[in-house]
Amino acid sequence: MAQEIELKLALTHSGLGRTAILERLADIAELAGTTPRRRWLANTYFDTPEHALERAKMALRLRRSGEDADSPGPLRQTLKTSGESHGGLHSRGEWEWALPDGQTGLDLDGLRGLPPLQALEEGPREHLLGALAPTFSTDFERHAWQLELTVTQDGQTASVGVEMALDLGHVKAAGRETHIREIELELTGGDDLSAEQREGVLWALAESLASRLALRPADASKARRGAALRDGEWHEKTLDTTDTKALLAAAIDALDAHADRQQQDDMRWHDHALAAFSALASRLAASQHPGHVHAVALTEALSESREQGTSDSWRTAAFGQHSLSLLAALRSRGQ
């Protein structure tokens, strides 16, 4: 099993096309001298009619990848289990393997032997495996950069591997469709460094990206977005809390929902994010936390867009920069 640590960033400037995005990325120092690999990824996710995997916070997919949509490559099967997610930073379990040539369906034997399935009693396990069926799809073009970034520890310079992926495409479920426009940053090395130093590399790269693109931290995986689109439903996270991490998670989650649901729900999720950032700003002000100024800026940006009667005027580079600065401030103070 691989333990993946990644940072997800949603691109919020809908007017930028693929070429314009790539041109802006080319100006970022950390990407200098590297050429991205371009692939087309077609994914089908599976679950039972009762959504047993989703309820267990697992995601099962089959993926084909190739140079483009007309050149599919080999089929791979992946099972992911949910771990921790804080401000867009994820840690979770993942098992992935290639299927034999010619196989087009799930490898149930390989799935059966994995620890999450072995943890079930035989009867429920076999019932689950027999009920699995396609539930939604995510098809997108990926540009991936393999980076070696440096960090200083005790006066010594060390290297940390990071894979950066730009994904542009669509999620489709139950006749509904929404866009995929995101960047994922995943640690692929530097295991000898502390977790704080390794994660700091991701945040530093994210800040460089935010200097060239309008973006925001996101928590919703493609699988979670597909399930919500399938059901036509997102669930609000409570704001009745003094936990700053919970308030931040509620704000990020609401903006994720707003991106996929604004036509159906108008300003509902925008207003939920506004309420979460406002509560967070008050909490941080009460403790004289340095992140207060950024929470206030995010609250004001959403408030101004509400007053203007628009749901997207807040989608600026400044919003992304304040979001990342707030996350950095919360992390440094152990909040």
Side-chain angles (χ1 to χ4, degrees), residues 1-11 18 21-22 24-43 59 61 63-68 73-74 76-98 138-151 157-169 180-213 215-223 320 324 327:
M1 181 190 77
Q3 191 75 15
E4 74 176 12
I5 298 177
E6 66 179 28
L7 177 62
K8 185 186 297 290
L9 303 166
L11 300 179
R18 176 173 62 89
I21 293 171
L22 291 172
R24 294 195 182 191
L25 291 176
D27 292 335
I28 295 174
E30 288 90 338
L31 305 186
T34 62
T35 300
R37 178 189 177 192
R38 177 179 174 272
R39 289 186 295 158
W40 179 260
L41 303 174
N43 309 275
R61 76 171 182 227
R63 164 178 285 179
R64 286 194 185 277
S65 64
E67 293 184 1
D68 53 50
R76 300 186 66 84
Q77 183 166 311
T78 304
L79 178 70
K80 292 188 178 185
T81 59
S82 178
E84 297 182 350
S85 176
H86 299 297
L89 192 66
H90 308 269
S91 177
R92 59 195 179 193
E94 177 178 338
W95 295 262
E96 181 174 287
W97 65 100
T138 64
D139 299 333
F140 54 92
E141 181 183 62
R142 168 169 289 177
H143 289 78
W145 290 257
Q146 299 294 333
L147 307 175
E148 288 293 329
L149 305 180
T150 58
V151 62
T157 299
S159 178
V160 178
V162 176
E163 179 177 89
M164 172 176 151
L166 166 68
D167 292 342
L168 302 171
I180 295 172
R181 293 172 58 83
E182 64 187 33
I183 292 175
E184 292 184 354
L185 309 177
E186 182 179 349
L187 289 170
T188 59
D191 294 342
D192 54 331
L193 301 174
S194 69
E196 182 179 359
Q197 288 175 313
R198 297 176 73 221
E199 292 170 10
V201 170
L202 294 188
W203 291 114
L205 178 55
E207 289 170 358
S208 293
L209 295 172
S211 70
R212 297 294 298 145
L213 293 167
L215 49 79
R216 62 174 179 81
D219 272 344
S221 67
K222 297 180 183 70
L324 292 171
L327 294 170

Minimum-distance pair of heavy atoms, taken over all atoms of Arg142 and Ala165: NE-CB, 3.6 Å
Interatomic distance, Leu187 atom CG to Leu149 atom CG [nearest 0.5 angstrom]: 9.5 Å
Straight-line distance of Leu147 CG to Ile28 CD1, nearest 0.5 Å: 10.0 Å
Test item: Lys222 and Asp167 side chains (from C-beta on) under 4.5 Å apart, heavy atoms: yes
Non-hydrogen atoms of Arg61 and Glu96 that approach each other most closely: NH2-OE1, 3.5 Å
Heavy-atom side-chain proximity of Val162 to Trp145 below 4.5 angstrom: no
Donor-acceptor pair, side chain of Asn43 and main chain of Thr138, under 3.5 angstrom: yes
Minimum heavy-atom distance between Met164 and Ile183, given as atom pair plus value: CG-CG2, 4.0 Å
For the student: nearest non-hydrogen atoms of Lys8 and Ser221, plus distance: CE-CA, 4.1 Å
Partners passing side chain to side chain donor-acceptor pair (under 3.5 Å) against Arg37 (at least two apart in sequence or in another chain): none
Nearest-0.5 Å distance that lies between atom CZ in Arg216 and atom CG in Leu11: 10.0 Å
Leu22 side chain reached by Leu166 side chain, heavy atoms, under 4.5 Å: yes
Euclidean distance, Asp139 CG relative to Leu168 CG, rounded to 0.5 Å: 13.5 Å
Distance (rounded to the nearest 0.5 Å) between Glu141 CD and Arg39 CZ: 11.5 Å
Note, Glu94 side chain near Thr78 side chain (heavy atom, < 4.5 Å): yes
Evaluation steps, side chain to side chain contact (heavy atoms under 4.5 Å, CB included), between Leu25 and Leu209: CA-CA 7 Å; Leu25 291 176; Leu209 295 172; 3.5 Å; yes
Atom of Ala204, atom of Glu30 and distance for their closest heavy-atom approach: O-OE2, 4.2 Å
CG on Leu215 to CD on Glu182, rounded to 0.5 Å: 12.0 Å
Donor on one side chain, acceptor on other, Glu163 and Thr188, under 3.5 Å: no
Check against side chain to side chain contact (heavy atoms under 4.5 Å, CB included), Thr34 and Gln146: CA-CA 8 Å; Thr34 62; Gln146 299 294 333; over 6 Å; no
Least distance between heavy atoms, Leu327 atom then Pro217 atom: CD1-CG, 3.4 Å
Leu213 side chain reached by Leu9 side chain, heavy atoms, under 4.5 Å: no
Residue pair Leu185 / Val201, side-chain heavy-atom distance below 4.5 Å: no
